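Written out below as structure tokens is the structure these notes cover.
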Amino acid sequence: FKVENHSHFATLAIMRMILKKVLSLVCLAGLLPACSSSNPDTSARPNIVVTYSVLGSVILDLVGDAADVTILIPDGQDPHDYQPSARDIETINNADIVVSNGLDFEEGLEDVLASAIDSGVSVYMIGENITVRESNENHAEEDGDAHGAGDPHLWLSPLSFTQAIPSLTAAINNATGLSIDETAALNQLTQLDNEIKEVIDNISSCVLVSGHDEMGYFADRYGCTVIGAIIPSFSTTSEATAKQIADLKVLATTNNVKAVFTGLGTPAEVSEQLASELGIAAVSLSTHYLNGAANYREFMLNLANQIAEALR
């Protein structure tokens, strides 16, 4: 009995030794990544960092589940004056690629992005790859506007993105090793453009007073006229003078404006007082962040419908 028992344990020991050797060979061959918890996760998805939520939604529509998309500026905060934290800087520096608006839109991130580029991080700026709208007035000289690069509010026309998507897709693929196809995203943007046009075409007149000079791309594309802004600047970090507000009131009266459109970064007391003096409504628009919209399409249709309803 004792001899048979020792023989049994010896057999088990030999089997364990054989199993360990087989597992070692499998691990060395890379066929079983879970052999060691210290091995890096080679299946991790690329990380795309995007500066603000509206642009982030467009990127999500483009890449789907092929990459992780990190939005830097929290939804609801003004991208014009957002200041990055130490964690934000680390996030940028660890990205496979950063996608930003450009055109001096993310004012507080400019130095960080420049430093990231110097360090070898891939940074794609939408504003460098579209037809940039210039202001009808020289903001830089007359209003002290820092946005000499042109109007940064490019996302308010889907056609801006259709211009950038091909080179954006190529930049993402080059930085991440992915093989994203932009065809579906381009088709969605073109369809959205047609939907917005249909909404605005159903009103007899589209004359706008905006919070700051933000509605230019939208107006140019959909046949609206922006007669002025409470803050006559591309940035909410600027301020309006009493004379500028008085002049705007005259323009609004002359053009029979039906609503004062305001939003993020515009002093509510100023817009409400102007609307009250004109005897019209002050309508708050979400132009710089998703504000609960599920995606870019919903965001833009919400904006178009809100404008149309206020001007009927």
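The first residue of the sequence shown is numbered 1, and numbering continues consecutively from there. The structure presented is a predicted model; accordingly, all values stated were derived computationally and were not measured.
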So, do Leu189 and Leu159 sit near enough that their side-chain heavy atoms are less than 4.5 Å apart? no
Donor-acceptor pair, side chain of Asp96 and main chain of Asn47, under 3.5 angstrom: yes
For atom CZ of Arg312, decide whether the heavy atoms of other residues, nucleotides or ligands shown that lie under 6.0 angstrom number more than 12. yes
Closest non-hydrogen atoms of Ile97 and Ala175, given as atom of the first, atom of the second and distance, are CB-CB, 3.8 Å
Filter on disulfide bond (SG atoms under 2.5 Å apart), then keep only pairs touching residues 48-116, sequence neighbours left out; what's left? none
For Tyr222, ring pair (Phe, Tyr, Trp, His ring centres under 6.0 Å) partners two or more places apart: Phe218
Looking only at heavy atoms, the pair that brings Ile200 and Cys224 closest together is CG2-SG, 4.0 Å
Do Tyr217 side-chain atoms and Arg133 backbone N/O form a donor-acceptor pair below 3.5 Å? yes
Pairs in or reaching into residues 257-279: which pass salt bridge (Lys or Arg N to Asp or Glu O under 4.0 Å), with residues at least two apart or in two chains? Lys249-Glu277
Quick check: is Leu264 connected to Val209 through a chain of hydrophobic side chains (ILVMFWY, heavy atoms under 4.5 Å apart)? no
Residues pairing under ring-ring contact (aromatic ring centres under 6.0 Å, His included) where one sits in residues 165-190, two or more places apart or in two chains, turn out to be none
Hey, which of Ile73, Val98, Asn101, Ile89 is the one that makes side chain to side chain contact (heavy atoms under 4.5 Å, CB included) with Leu109? Ile73
For the CG atom on Asn202, are there more than 12 heavy atoms of other groups (residues, nucleotides or ligands in this structure) within a distance under 6.0 Å? yes
Across all chains, not counting sequence neighbours, the side-chain hydrogen bond (donor to acceptor under 3.5 Å, both in side chains) partners of Asp181 are Thr183
Taking all non-hydrogen atoms of both residues into account, name the closest pair between Pro158 and Ile196 and its distance. CG-CD1, 3.8 Å
Shared hydrophobic cluster for Ile203 and Val260 (ILVMFWY, side-chain gaps under 4.5 Å): no
So, the side chain of Asn295 versus the backbone of Glu298: is there a donor-acceptor pair under 3.5 Å, distance only? yes
Contacts of Thr241 meeting side-chain hydrogen bond (donor to acceptor under 3.5 Å, both in side chains) (sequence neighbours excluded), chain-then-number -> Gln244
With a 4.5 Å cut-off on side-chain heavy atoms, are Asp151 and Leu103 touching? no
Shared ILVMFWY cluster between Met215 and Ile280, side chains joined below 4.5 angstrom? no
Is there side-chain contact between Thr51 and Pro79, with heavy atoms separated by less than 4.5 Å? no
If you define the side chain from C-beta out and look only at heavy atoms, does anything of Ile227 sit under 4.5 Å from Thr254? no
Using modelled atom types only, decide if a donor and an acceptor are shared between the side chain of Asn129 and the backbone of Leu168 within a distance under 3.5 Å. no
Quick one: OG1 on Thr287 to CE on Met300, what's the gap to the nearest 0.5 Å? 10.0 Å
Where Ser100 and Met125 come nearest, the two heavy atoms and their spacing: OG-CG, 3.2 Å
Can you find a heavy atom in the side chain of Val99 that is under 4.5 Å from one in the side chain of Ile48? yes
Establish, from distance only, whether the side-chain atoms of Ser235 and Thr237 form a donor-acceptor pair under 3.5 Å. yes
ring-ring contact (aromatic ring centres under 6.0 Å, His included) pairs, two or more places apart, involving residues 109-132: none
Can any side-chain N or O of Asn174 pair as donor or acceptor with the backbone N or O of Ala170 at less than 3.5 Å? yes
Is any side-chain heavy atom of Asp65 closer than 4.5 Å to one of Arg45? yes
Taking Ser160 for its side chain and Leu154 for its backbone only, find out whether a donor-acceptor pair lies under 3.5 Å. yes
Whether over 12 other heavy atoms sit under 6.0 Å from Asn94 CG: yes
Any ring-ring contact (aromatic ring centres under 6.0 Å, His included) pairs touching residues 265-292, not counting sequence neighbours? His80-His288, Phe105-His288, His153-His288, Trp155-His288, His212-His288
Joint cluster assignment, Leu62 & Leu192, ILVMFWY side-chain distance < 4.5 Å: yes
Looking only at non-hydrogen atoms, find the nearest pair between Ser238 and Ile231 and report the distance. O-CG2, 3.7 Å
So which pairs with a foot in residues 249-281 pass ring-ring contact (aromatic ring centres under 6.0 Å, His included), sequence neighbours left out? none
List the residues meeting side-chain hydrogen bond (donor to acceptor under 3.5 Å, both in side chains) with Asp201, not counting sequence neighbours, and say none if there are none. Lys197
Compare every heavy atom of Val50 with every heavy atom of Gly56, then report the nearest pair and how far apart it is. N-CG1, 3.5 Å
Please report the C-alpha distance between Asp88 and Ser85 in whole Å, then the side-chain angles of each, then the deciding distance to 0.1 Å, and finally whether the side-chain hydrogen bond (donor to acceptor under 3.5 Å, both in side chains) criterion is met. CA-CA 5 Å; Asp88 291 333; Ser85 65; 3.2 Å; yes
Rounded to the nearest 0.5 angstrom, the CG-OG1 distance for Leu178 and Thr169 is 11.0 Å
If you round to the nearest 0.5 Å, how far is OG1 of Thr262 from CD1 of Ile230? 5.0 Å
Derivation of the side-chain contact (heavy atoms from CB on, under 4.5 Å) call for Val58 and Ile126: CA-CA 11 Å; Val58 175; Ile126 302 289; over 6 Å; no
Can the ring centroids of Phe161 and Tyr296 be said to lie less than 6.0 angstrom from one another? yes
With rounding to the nearest 0.5 Å, note down the distance linking OG in Ser53 to CD1 in Ile71. 7.0 Å
Can you check whether Asp220 reaches Ser157 side chain to side chain, under 4.5 Å on heavy atoms? no
Side chains of Ser286 and Asn302: does their closest heavy-atom pair fall under 4.5 Å? no
Asn291 side chain to Gly76 main-chain N or O, any donor-acceptor pair under 3.5 Å? no
When you measure from the side chain of Ser115 to the backbone N and O of Asp111, does any donor-acceptor pair fall under 3.5 Å? no
Listed by chain and number, what are the ring pair (Phe, Tyr, Trp, His ring centres under 6.0 Å) partners of Phe299, not counting sequence neighbours? none
Linking I/L/V/M/F/W/Y whenever any side-chain heavy atoms sit under 4.5 Å apart, do Ile117 and Leu72 land together? yes
Looking only at atom types and distance, does a side-chain atom of Ser276 sit under 3.5 Å from a main-chain N or O of Gln273, one as donor and one as acceptor? no
Side chain Gln163, main chain Thr131, donor-acceptor under 3.5 Å: yes
Which residues pass the side-chain hydrogen bond (donor to acceptor under 3.5 Å, both in side chains) test with Gln191, sequence neighbours left out? none
Find the distance between CG (Leu60) and CG (Leu55) and round it off to the nearest 0.5 Å. 10.0 Å
Taking atom CD of Glu195 as the centre, report whether more than 12 heavy atoms of other residues, nucleotides or ligands fall under 6.0 Å from it. yes
